[in-house]
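Reading through the structure tokens given below for one structure.
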Number of protein chains: 2
Amino acid sequence: MTQPGSKSRAAYEWIRERIETGRFTPGYRLVLDAIAREIGISAVPVREAIRLLEAEGLVTFERNVGAQVAFMHEQEYEYTMQTLALVEGAATALSAPRLTGDHIARARSINDQLADSLKLESFDPRRFTELNLAFHTVLFQKCPNPHIADLVGRGWKRLTVLRDSVFGFVPGRARESVGEHEALLRLIEAGEAPLTIELAARDHRLGTLHAVLAYQAGRRHAAPAVGRNPSTHLTREQP
Amino acid sequence: MTQPGSKSRAAYEWIRERIETGRFTPGYRLVLDAIAREIGISAVPVREAIRLLEAEGLVTFERNVGAQVAFMHEQEYEYTMQTLALVEGAATALSAPRLTGDHIARARSINDQLADSLKLESFDPRRFTELNLAFHTVLFQKCPNPHIADLVGRGWKRLTVLRDSVFGFVPGRARESVGEHEALLRLIEAGEAPLTIELAARDHRLGTLHAVLAYQAGRRHAAPAVGRNPSTHLTREQP
DNA sequence: TGATACGAAATCGTATATGGTCTGGGCCGA
DNA sequence: TCGGCCCAGACCATATACGATTTCGTATCA
């Protein structure tokens, strides 16, 4: 299925693309025959595609009833980011000792691009997110544990569905990020203890999460109930 | 599919049971028609079952070629336990503040049973593992993040395929476990910081992992290259 | 003898067909 | 008017059928 050329794959991408771009909104019913007819294939591969989307949490499924685009509650972003903070932190720490000077240089170069993108009069949050992923990918790519690496990949993939780019909402956080990136690089260069690196990487991601949550709280209540500073606890205080 | 009553589900359980009990050994080819005929259904639901097993990593799959029971290298157990240490530690820490005295009492009661099972002249490692899961389930069950909770469940499920019970190999570790359980309970009761609890729970699991790795190294080299004590780093020294 | 090409068997991927299950609307009785 | 029953339509789950792809044995040729 993951293999290109298959119709299941085509159906998967066809549906996913529509969910990502918002043409299929949460609750939209995915009817096998209808989709199959529209793509010009039979229902069998469509069914398989939907099963895969279900496994990714993009659609919900009920036997004898069918599938619909999953409802994502407010907290979905929080849960995903919290999980990503956890696994990406670990992946980065496990990867760190295996990174060469070359890797660090590459990461630093990407971070420079991130810094540059801040200076443009028209800040492009989408591009910032793209570069941000590239930066972190360099850092965790050497993670020797394939399960953890896989979870990191899933987390990022899921984020693409939840938010195109949160940095559009919290541009200030983008600026902070660049500084934290450099700090993280220094820790790695210095050969700091894995746990130190893990918690730094974790905090970095939680920092973005908290910024977004604070922004949302602000929008809701006019008086922003600012969360605490990023904490390594994966948690934040309840209001 | 996850729903009972479906033939996909039946096929899934039929295959999985054979893999778990070792009747289907790694490398065994899973031929759709053959399995379908043997179960008495058509190939379509069997195919779906195999896709699910693939997602769980129990079988590997190649387009136009088919599926076979996944080869699990030596390190598979290590990777799975390391990942479980990571996510279970977090789940436990996130769950801890939501646990009532009732939960703690229940966990302690299970730990008593674990202690009792050590005293029996015939130690039953399988039962120990069962109770052990029950104990930890009490502790992380209140984890509010469904993604992390899900990952914990997957980790445990995967372990059932990898090893029936490692405590048969390292009975000494069973004894240690009981003590660490009590220590963990005290941390939770005392309302310690989430990170403290997280790392304690993580270390607890890594302890078992390291014990098993040391045992394996001992079997291989006669002179056991004992790993370091459990570390919160998720890592251990290379020999 | 070894390499290559051909062809048949095995097996997968997908289309089409069919029976089963759920859902919603209309009819009937209170 | 309202609630319950029944039926028809929609849709899913699975079976069967068939073309497509891979694999592997065998024959042919250098």
Side-chain angles (χ1 to χ4, degrees), chain A residues 1-19 22-72, chain B residues 1-19 22-72:
Chain A
M1 141 85 73
T2 307
Q3 281 82 351
S6 76
K7 303 201 176 177
S8 319
R9 173 89 187 171
Y12 170 83
E13 285 168 357
W14 190 90
I15 299 171
R16 186 178 174 102
E17 195 264 342
R18 262 144 235 261
I19 296 178
R23 265 185 290 179
F24 284 179
T25 56
Y28 184 91
R29 285 206 56 190
L30 300 170
V31 178
L32 293 179
D33 281 330
I35 294 175
R37 219 172 318 116
E38 190 151 359
I39 305 183
I41 62 179
S42 84
V44 177
V46 175
R47 182 183 166 87
E48 194 163 307
I50 287 181
R51 281 344 259 269
L52 191 54
L53 289 163
E54 185 201 8
E56 293 177 354
L58 275 170
V59 312
T60 58
F61 192 91
E62 198 178 346
R63 174 173 157 86
N64 282 327
V65 174
Q68 58 181 39
V69 179
F71 289 98
M72 310 260 202
Chain B
M1 139 87 72
T2 307
Q3 280 81 350
S6 77
K7 303 200 177 180
S8 320
R9 173 90 186 171
Y12 170 82
E13 285 169 356
W14 190 91
I15 300 171
R16 187 178 173 102
E17 196 263 342
R18 263 144 235 261
I19 296 178
R23 265 185 290 179
F24 284 178
T25 56
Y28 184 92
R29 284 206 56 189
L30 301 170
V31 178
L32 293 179
D33 281 329
I35 294 175
R37 219 173 317 115
E38 190 153 358
I39 304 183
I41 62 180
S42 85
V44 177
V46 175
R47 182 184 166 87
E48 194 162 307
I50 287 180
R51 283 338 261 265
L52 191 54
L53 289 163
E54 185 201 8
E56 293 177 354
L58 275 169
V59 312
T60 57
F61 192 91
E62 197 178 347
R63 175 173 158 85
N64 282 326
V65 173
Q68 57 180 42
V69 179
F71 290 96
M72 311 261 201

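All chains are named by letter (A, B, ...) in the order of the sequence lines, taking the proteins before the strands, and each is independently numbered beginning at 1.
One finds no side-chain N or O of Ser8(B) lying less than 4.0 angstrom from the OP1 or OP2 phosphate oxygen of dA13(D).
At a threshold of 4.5 Å between non-hydrogen side-chain atoms, the residues Leu58(B) and Ile15(B) do not count as touching. Between Tyr28(B) and Arg18(B), the closest side-chain pair of non-hydrogen atoms is not below 4.5 Å. In this structure, Glu48(A) and Arg51(B) have side chains that are in contact, with non-hydrogen atoms separated by less than 4.5 Å.
Rounding to the nearest 0.5 Å gives a distance of 10.0 Å between CZ of Phe61(A) and CG of Leu30(A). Rounding to the nearest 0.5 Å places CZ of Phe24(A) at 5.5 Å from CD1 of Ile35(A).
A salt bridge is absent between Arg16(A) and Glu13(A): the closest approach of a Lys/Arg side-chain nitrogen to an acidic carboxylate oxygen does not fall below 4.0 angstrom. Look at Glu17(A) and Arg23(A) and you find a salt bridge, because one of the NZ, NE, NH1 or NH2 atoms lies within 4.0 Å of a carboxylate O, short of that distance.
Minimum interatomic distance between Gly27(A) and Phe71(A) (heavy atoms only, all atoms of both residues): CA-CZ, 3.4 Å.
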When you compare the protein's N or O atoms with those of nucleotides 9-11 of chain D, which come within less than 3.5 Å of each other, and at what distance?
none

What N/O pairs connect the protein and nucleotides 15-17 of chain C at under 3.5 Å? Give each pair on its own line.
from, atom 1, to, atom 2, distance (Å)
dA15(C), OP1, Lys7(A), NZ, 3.3
dA15(C), OP1, Ser42(A), N, 3.3
dA15(C), OP2, Ser42(A), N, 2.6
dA15(C), OP2, Ser42(A), OG, 2.4

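In this structure, Arg51(B) places its CZ atom 11 Å from P of dC12(C), rounding to the nearest Å. Glu48(B) has its CD atom 16 Å from the C1' atom of dC12(C), to the nearest Å. Between Arg37(B) atom CZ and dA17(D) atom P there is a gap of 14 Å when expressed in whole angstrom units.
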